[in-house]
Number of protein chains: 2
Amino acid sequence: METIWFKKLTENGYRLTHPLKTVVEVFSTSKKSLSPIEIFELAKTKNPRIGLVSVYRSLEKLEEIHLVQRVHTPLGCQSFVPYSGKHEHLLLCSTCGAYQYFTGDELIGELMKTIAEKTGYEITDHWLQLFGKCPECQK
Amino acid sequence: METIWFKKLTENGYRLTHPLKTVVEVFSTSKKSLSPIEIFELAKTKNPRIGLVSVYRSLEKLEEIHLVQRVHTPLGCQSFVPYSGKHEHLLLCSTCGAYQYFTGDELIGELMKTIAEKTGYEITDHWLQLFGKCPECQK
DNA sequence: CTCTTTGCAAAAGTTTTGCACGCTC
DNA sequence: GAGCGTGCAAAACTTTTGCAAAGAG
């Protein structure tokens, strides 16, 4: 995963600096959604000189080229997960923050059409997330 | 709408103070989702003595008894809309912030069952929002 | 008259910005 | 070497908290 990310970053004209690489590394070794501060804490163990600001700036870049995605939950919207890239939807564990992707566009497509007709809206985007308990947290 | 809100607020032990009533009034006269500061600005025109803090505290109460709901969009998650109460989903205009509710649980229920089987997650909640252009903004 | 709620001010948190230096390409 | 990206410090916001005073029930 890291290699692909590094490639995409350079393709987009970004320099592979130590802080950026550390943030990528943190994402590729985590199974949970991570907030900027959590990323910062994890990054510091790999690179003690890193600053919080660089985490924010790295996230900005990664988000812009769709390598990460912000996660919205009832408890807050600061956390990020790697982007699946396949227009999939998120399933999140409310207990530990673990995430997983699933597809469901066939269903949504139909729904969007119906709602567009009913409301007169021109529907351009949709957003579906499921919440629950991951197998680990059910134990 | 206001009357029902006032009733539910007193039923829940809250006092009908001037600031609280003003915030309710703002919601019942708006068709857009509103952020705390937008609510504050609108409230000041009706009650110049109101403080921003009271807006936050009113929202807390209104959210707790499910009269309003926080709206999540790619652009931010500070805005609120009146809660439909019928477990419906939101359709939002990306341009002007107008909102509308729709139902679609039959479809989602099916999807949730499938995903639960596939992933081993115990799915407890779902979250669906559509984005688009309202009829007004298409003109 | 009691006790919740208010408005103010200040604190706490998070995110952004300015700037000189360092490191990537 | 040129110029993007860094770390630090400070600023800008948003949201929360402490407290005396006001006002709802």
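Naming: A, B, ... by sequence-line order, numbering from 1 per chain.
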Check: protein-nucleotides 12-17 of chain C nitrogen or oxygen pairs below 3.5 Å:
unit_1: C:dT15; atom_1: OP2; unit_2: A:Tyr56; atom_2: OH; d: 2.2
unit_1: C:dT15; atom_1: O5'; unit_2: A:Tyr56; atom_2: OH; d: 3.2

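Between B:His72 and A:Trp127, the angle of the ring planes goes over 60°, which puts this pair in the perpendicular group of the 30/60° scheme. Using bins of under 30°, 30° to 60° and over 60° for the plane-to-plane angle, the ring pair A:Phe102/A:His89 lands in the tilted bin.
Here the side chain of A:Thr119 pairs a donor or acceptor atom with the backbone of A:Ile115 at under 3.5 angstrom.
Spacing between atom CG of B:Leu59 and atom P of C:dT5 amounts to 15 Å, rounded to whole angstrom units. Rounded to whole Å, atom P of D:dT15 lies 13 Å from atom CZ of B:Phe40. D:dG5 atom P lies 10 Å from atom CG of A:Leu9, rounded to whole Å. Rounded to whole Å, atom C1' of C:dC25 lies 12 Å from atom NZ of A:Lys21.
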Could you run through nucleotides 20-25 of chain D and give me one letter per nucleotide, 5' to 3': B if any protein heavy atom sits under 4.0 Å from the base, S if only the sugar-phosphate is that close, - if neither? ---BBS
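With a 6.0 Å radius and a threshold of 12 heavy atoms from other residues, nucleotides or ligands, B:Glu136 has its CD atom at or below the threshold. The local environment of NZ in B:Lys113 is sparse, with at most 12 non-hydrogen atoms from other residues, nucleotides or ligands closer than 6.0 Å.
Taking 4.0 Å as the cut-off between side-chain N and carboxylate O, B:Lys61 and B:Glu64 do not count as a salt-bridged pair.
With hydrogens and angles left out, the side-chain atoms of B:Gln69 and B:Tyr99 include no donor and acceptor closer than 3.5 Å. A side-chain donor-acceptor contact under 3.5 Å links B:Ser28 and B:Glu2.
Contact annotation for B:Lys61: backbone-only contact, meaning every heavy-atom pair under 4.0 Å involves sugar-phosphate atoms and none involves a base.
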